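Single-structure report; data block below.
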Amino acid sequence: MAAPPERRCWEREQARLKAGVVEQDTEEWQKDPNFTGLERVGGVDLSYIKGDDTSACASLVVLSYPALQVLYEDCRMVAVTAPYVAGFLAFREVPFLVEAVQRLQQEEPKLRPQVLLVDGNGLLHHRGFGVACHLGVLTDLPCIGVAKNLLQVDGLARDELHREQIRSLQRSGDTFPLTGTSGRVLGMGACWVLDLSFLNAQVLRSYNNSSKPLYISVGHRVSLDTAVRLVRSCCRYRVPEPIRQADIRSREYIRKQLCAPLEVRPARPESKKEAELEDESDA
DNA sequence: GCGACAG
DNA sequence: ATCTTGTCGC
């Protein structure tokens, strides 16, 4: 659990970093209706092991645009220290994501993404500084927050109004603003994978009832409008391709990681020859 | 005061 | 985040 002193420390850091957030388009391609000039879109994600709250796999992928082919992939096991607390996700995940970006810039500078899609929120956050803002400021990359669930902040909740917005969305086929009690638009809800015309009416109805929107918000150096347009153009399925690929690959990496120790472990308690065995099996 | 709460 | 089976349709 997060003790009060730690929490105050976090908030101090957030306040400091927030001063660096840019909520406007800063790149030329962002102002183009077709994103001319955009060639690489990055996605980041962490996957966790079921009962283990310290081991995770951090992944960063870079996709070509607009083809959305994987150009770069980096998966790495990391030791998570901060617990998951809603509103403090950045302090749990961001350090490893920053490392991944730095590794990419050092090893494959030509593959540096021009924008990052982040699993989580940006301005749609209790203090207007979610993980997407955090990562954007620390890497100086344009970032967009894409959450699969609504973080209830500033009066936003999964209430009747929210459900009605989702229903109306399926008629207009577009997006709806996430307006807080303060009157400020913190992000946009969207659900584009609605092309279910091939289903019969019965199934279509149940599918619509269970369909969930995406929650898109500004992270850094991008306008909300551009963020929504870009995420939409990256969606083959509900989750935009960069994040989806990062998610798939980090999960797969963990799955293999989980199997590996089982082959070595039952060998023997002696430690000397274990290193040799591991060397051989790795090669 | 209690509950709700991105991944 | 993670645990899980089948089922339906292209």
Side-chain angles (χ1 to χ4, degrees), chain A residues 1-2 7 10 14 43-60 75 77-97 116-136 143-163 178 180-181 186-190 193 195-208 210 212-219 227 231 236-240 243-244 246-255 257-258:
Chain A
M1 299 305 269
R7 188 167 285 206
W10 287 353
Q14 281 183 317
V44 292
D45 185 49
L46 262 73
S47 289
Y48 299 88
I49 299 178
K50 49 177 182 180
D52 190 340
D53 49 357
T54 63
S55 298
C57 176
S59 73
L60 162 63
C75 289
M77 292 305 296
V78 297
V80 179
T81 56
Y84 170 70
V85 180
F88 297 89
L89 177 64
F91 297 91
R92 178 170 166 84
E93 298 195 343
V94 127
F96 310 106
L97 301 179
L116 274 181
L117 301 193
V118 184
D119 210 336
N121 293 306
L123 294 179
L124 179 49
H125 183 264
H126 303 92
R127 289 162 296 281
F129 199 71
V131 62
C133 298
H134 217 129
L135 185 61
C143 282
I144 297 170
V146 183
K148 297 181 289 294
N149 290 288
L150 178 64
L151 175 62
Q152 49 177 90
V153 38
D154 193 17
L156 292 173
R158 304 182 200 172
D159 51 17
E160 186 47 45
L161 170 64
H162 185 252
R163 284 192 292 272
L178 297 164
T181 305
L186 301 173
M188 298 290 278
V193 185
D195 184 17
L196 305 171
S197 51
F198 52 86
L199 297 175
N200 65 47
Q202 183 78 29
V203 180
L204 183 63
R205 203 165 68 91
S206 65
Y207 207 103
N208 279 347
S210 64
K212 295 171 63 182
L214 291 175
Y215 302 94
I216 302 163
S217 58
V218 168
V231 172
R236 286 224 265 259
Y237 304 96
R238 184 171 89 99
V239 176
I243 290 181
R244 185 166 163 272
D247 182 73
I248 290 173
R249 283 149 207 270
S250 59
R251 288 159 88 130
E252 184 64 10
Y253 193 90
I254 281 203
R255 197 185 62 77
Q257 202 75 13
L258 233 47

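Per chain, numbering begins at 1; letters A, B, ... match sequence-line order. If you're wondering where the values come from, they're calculated on a predicted model, not measured in any experiment.
Note that CG of N149(A) is 10.5 Å distant from CG of L214(A), once rounded to the nearest 0.5 Å. Taking CG from L46(A) and CZ from R92(A), the interatomic distance works out to 8.0 Å, rounded to the nearest 0.5 Å. Atom CG of L178(A) sits about 11.0 Å away from atom CG of D154(A), to the nearest 0.5 Å. To the nearest 0.5 Å, atoms CE (M77(A)) and OG (S47(A)) are separated by 9.5 Å.
Helical stems involving DNA chain C, defined as 3 or more consecutive Watson-Crick or G-U pairs under 3.5 Å, do not occur.
Residue-level contact check: V131(A) touches the bases, meaning some heavy atom is under 4.0 Å from a base atom. Among the protein residues, N121(A) comes within range of the nucleic acid bases, having at least one heavy atom under 4.0 Å from a base atom. Residue Y84(A) is in base contact, counting any heavy-atom pair closer than 4.0 Å across all strands shown.
Salt-bridge annotation for K148(A) and D119(A): present, with a side-chain N of the basic residue lying under 4.0 Å from a carboxylate O of the acidic one. For R249(A) and E252(A), the salt-bridge test fails: no basic side-chain N is under 4.0 Å from an acidic carboxylate O.
In this structure, the side chain of R163(A) engages the main chain of R158(A) through a donor-acceptor pair within 3.5 Å.
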For this session: Any chance you could encode DNA chain B as dot-bracket? Rule is Watson-Crick or G-U wobble with both distances under 3.5 Å; [ ] for pairs crossing earlier ones, | for another strand.
Result: .......
For this session: Check the pair V146(A), V239(A) against side-chain contact (heavy atoms from CB on, under 4.5 Å), reporting the backbone distance first and the verdict last.
Result: CA-CA 8 Å; V146(A) 183; V239(A) 176; 5.9 Å; no
For this session: Start with the C-alpha distance between V153(A) and H125(A), add both sets of side-chain angles, then the distance that settles side-chain contact (heavy atoms from CB on, under 4.5 Å), and finish with yes or no.
Result: CA-CA 6 Å; V153(A) 38; H125(A) 183 264; 5.9 Å; no
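Nucleotides of DNA chain B lying under 4.0 Å from heavy atoms of chain A occupy a range whose first and last members, 5' to 3', are dA4(B) to dG7(B).
Across all their heavy atoms, Y253(A) and C75(A) have their closest contact at CD1-CB, 3.6 Å.
F91(A) and H134(A) have perpendicular rings, their planes meeting at more than 60° on a 0 to 90° scale where under 30° would count as parallel.
Spacing between atom CD of E252(A) and atom P of dA1(C) amounts to 16 Å, rounded to whole angstrom units. Atom pair D53(A):CG and dT2(C):P shows a separation of 14 Å (rounding to whole Å applied). In this structure, CZ of R255(A) is placed 18 Å from P of dA1(C), rounded to the nearest angstrom.
OP1 or OP2 of dA1(C) lies within a sub-4.0 Å distance of a side-chain N or O belonging to K148(A).
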